[in-house]
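Worksheet: the structure to be examined is printed underneath.
Every heavy atom of this structure was used, including side-chain atoms; hydrogens, water molecules and symmetry mates were not.
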Amino acid sequence: MKIGITGNNGFIGYHLSNSITYFKEDWSVIPFNKNLFSHQKNFLLLLVNVMLLVHLAGVNRADSDEEVYETNINA
């Protein structure tokens, strides 16, 4: 099974990717690059190749609460 993970460089995404890689030999992790979110066509092409998408990408630190909110909503 191919699994896509957004936020795979963050704490939870990193550990989830490693756990899947080490414990599920028949599963493969497809990492999502931050740039894919700004190119809808590339994002959709990647999505059709995964069976499961785990969305963990987001901002948790910024100069203001509004920036955190807006960035996460727009992603």
Side-chain angles (χ1 to χ4, degrees):
M1 175 185 331
K2 291 183 181 179
I3 300 172
I5 300 176
T6 66
N8 57 304
N9 290 325
F11 182 80
I12 296 172
Y14 173 80
H15 290 285
L16 177 61
S17 295
N18 283 340
S19 295
I20 291 169
T21 301
Y22 294 130
F23 297 113
K24 296 292 186 181
E25 293 178 11
D26 56 336
W27 293 8
S28 61
V29 174
I30 309 298
F32 276 54
N33 184 314
K34 187 185 298 188
N35 296 329
L36 286 174
F37 291 106
S38 60
H39 298 95
Q40 185 177 10
K41 183 179 178 182
N42 292 340
F43 184 72
L44 293 174
L45 288 173
L46 190 57
L47 278 181
V48 298
N49 290 313
V50 298
M51 294 191 68
L52 175 68
L53 176 64
V54 180
H55 180 50
L56 298 172
V59 173
N60 59 4
R61 292 183 194 100
D63 293 334
S64 68
D65 291 341
E66 291 81 21
E67 184 179 351
V68 171
Y69 178 81
E70 289 297 324
T71 303
N72 288 323
I73 293 298
N74 290 329

**Message:** For Leu53, give me all partners under side chain to side chain contact (heavy atoms under 4.5 Å, CB included), at least two apart in sequence or on another chain.
**Reply:**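 So Leu53 forms a side chain to side chain contact (heavy atoms under 4.5 Å, CB included) with Thr6, Phe32, Leu47.
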**Fill in**
Interatomic distance, CD1@Ile30 vs CG@Leu52, rounded to 0.5 Å, equals 11.5 Å
**Request:** Give a yes or no on whether Met51 atom CE has more than 12 heavy-atom contacts from other residues, nucleotides or ligands under 6.0 Å away.
**Result:**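 No, the 6.0 Å shell around CE holds no more than 12 heavy atoms from other groups.
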**Item:** Asp63, CG: over 12 other non-hydrogen atoms inside 6.0 angstrom
**Value:** no
**Hydrophobic cluster partners of Val59 (side-chain heavy atoms under 4.5 Å)** =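 In the cluster with Val59 are Val68.
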Give the table of side-chain donor-acceptor pairs shorter than 3.5 Å for residues 16-25, with sequence neighbours excluded, one pair per line with atom names and distance.
residue : atom : partner : partner atom : Å
Ser17   : OG   : Gly13   : O            : 2.9
Asn18   : ND2  : Tyr14   : OH           : 3.3
Ser19   : OG   : His15   : O            : 2.9
Thr21   : OG1  : Ser17   : O            : 2.8

**Asked** With hydrophobic residues grouped by side-chain heavy-atom distances under 4.5 Å, do Leu56 and Ile3 end up in a single group?
**Response** yes
